[in-house]
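These numbers were taken from a predicted model, which means no experiment stands behind them. Counting convention: from 1, in listed order, for ligands and their atoms alike.
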Amino acid sequence: MSSSLKTSPGQNIRELLQSGEVIAALDWFTREADAITREHIEICSIPASPFQETARAEYLRDKFLELDLTEVEIDAEGNTIGLLKGNSLKPLIVVSAHLDTVFPPGTDFTVRRDGDILLAPGISDDGCGLAAVVAIARAFRKNNINTAGSVLFVCTVGEEGEGNLRGVRHLFTKSRWAKRVDAFLSFDGPGIDRITNRALGSRRYRVELHGTGGHSWGDFGIPNPVHALGRAIARLAAYPAPLEPRTTFNVGRIAGGTSVNAIPTSASMEVDLRSADDAELRRIDAYFRRTLGQSVDEENGERRTGDATLDVQLKLIGERPSGETSPESMIVELAQEATSLLGREARLDQSSTDSNLPISIGIPAITLGAGGTSGSSHTLDEWYDPRDRDMSLKRGFLLILGMVGTPK
Ligand SMILES: [Zn+2]
């Protein structure tokens, strides 16, 4: 079998499917389906709240050690890392899933079963991705599949919400692997046909306004932070967001004030801006910041002589770059080829995942479904049905093998 990097992707996967060892490894995923589900349950039973992923990270580190991966560690940011070393460290592909969930400390992470269906917070997002990472590492080991390049398995912290991609950001900017990765693959959520090659960008802000406050009648005229927020929200709500490239805005939280007849001393809001296109994201971002300034100026402009102006604090609480891995890149072509050779039709899509970060620095990256189906994501009723999960694991396995190649 030849090294994969020179031949066309289609040949690669078809070529791989000529190998008895590869076929045996693919069959292994079907045979081991129940064991993979048991492992999935074990992983998801370990709490993993934002900024509190350590217990789950340690469990996965122990799994990586059991599988005889090398360079196993929990890095300075909290990511679990293990290397499946091939003949060379070139090419090096990262295969990852995220450890964190959106659920706060104190959440009951016990996994319940209803027939074949598994129920637990995070069981799908991203429990099934973590199960995929471990299953694929095990498939390489148990079936003695050697590779030309190497695979770095990574379970990342901080994918969700205010985690702001801190795990994958560390991996690509500060870790010792930062400059050595040639491609990135994330398993996030269920499904078999989806190939996320476009990164949905977002910027998130927290705005705080402070004033002197006062009596609603006696001090009328003092700048009112809630009124200033209202002016700013009205301007944002009037923004002509394009449908294509899809661009959205949301004021998700507001707070402020203490009484109906008091001018508040403070008010705050949290704002989420997103666009499929980086230029559009910069445009709505500039609009938001400019009109926030105008709104505060307007409120200050109506104050009585001698009154203090409002103080504005604008804090960026989240930033995800947008971008695209070309549909012609090898990782996307291999993923498409693997999907169709398994009898499914691949679908390119766009989402906000760990892949946003490598894409933004020019490293080919995609996110794939880890198989099965799910629903009620990000709620306490989240469920996952593992039926046909093996299809997606086979797809991922073939793609990875196509990327790193088998020794000549
Ligand atoms: Zn996720």
Side-chain angles (χ1 to χ4, degrees), residues 40 43-53 56-57 60 77-80 94-104 107 109 111 118-136 153-172 184-202 204 272 274 318-322 325 335 347 349-360 365-386 389 392-393 396:
H40 183 172
I43 294 169
C44 288
S45 308
I46 305 168
S49 297
F51 298 95
Q52 305 205 13
E53 299 102 333
R56 195 174 281 188
L60 287 153
E77 192 67 38
N79 303 309
T80 302
V94 168
V95 173
S96 79
H98 66 87
L99 290 162
D100 58 320
T101 68
V102 296
F103 302 96
T107 302
F109 282 91
V111 180
L118 313 178
L119 294 115
I123 191 75
S124 164
D125 185 8
D126 190 20
C128 67
L130 294 168
V133 164
V134 176
I136 286 172
F153 291 99
V154 182
C155 305
T156 60
V157 293
E159 192 275 339
E160 300 282 5
E162 294 193 23
N164 199 24
L165 309 186
R166 68 189 179 97
V168 73
R169 197 181 304 272
H170 175 86
L171 183 74
F172 281 103
F184 179 88
L185 165 63
S186 170
F187 287 102
D188 201 342
I192 161 88
D193 54 348
R194 164 173 66 92
I195 300 169
T196 302
N197 68 316
R198 284 172 297 146
L200 177 60
S202 67
R204 292 172 177 170
D272 175 51
R274 300 186 183 214
E319 182 176 25
R320 296 180 177 216
S322 46
T325 297
R347 182 170 54 85
D349 85 345
Q350 178 167 41
S351 183
S352 180
T353 68
D354 266 345
S355 289
N356 282 47
L357 202 282
I359 286 175
S360 76
I366 57 171
T367 298
L368 296 181
T373 48
S374 79
S376 304
S377 180
H378 289 197
T379 76
L380 295 172
D381 299 320
E382 190 169 334
W383 60 265
Y384 179 80
D385 182 344
R389 177 203 324 248
S392 277
L393 300 182

**OP:** Quick one: report the N, O or S atom of H98 that is nearest to the Zn ion (ligand 1).
**Re:** NE2
Subject >> Nearest heavy atoms of T101 and R56, plus distance in Å >> reply: CG2-NH1, 4.0 Å
**OP:** Scan T156, D125, T353 and name whichever one has a side-chain hydrogen bond (donor to acceptor under 3.5 Å, both in side chains) with H98.
**Re:** D125
**OP:** Restricting to N/O/S, name the atom of D125 that gets closest to the Zn ion (ligand 1).
**Re:** OD1
**OP:** Assert yes or no for the condition that the ring centre distance of Y384 to H40 is strictly below 6.0 Å.
**Re:** yes
Original post:
With the Zn ion (ligand 1) as the point of reference, which N/O/S atom of D188 is the closest?
Top reply: OD1
Original post:
What distance separates S49 OG from D100 CG, expressed to the nearest 0.5 Å?
Top reply: 9.5 Å
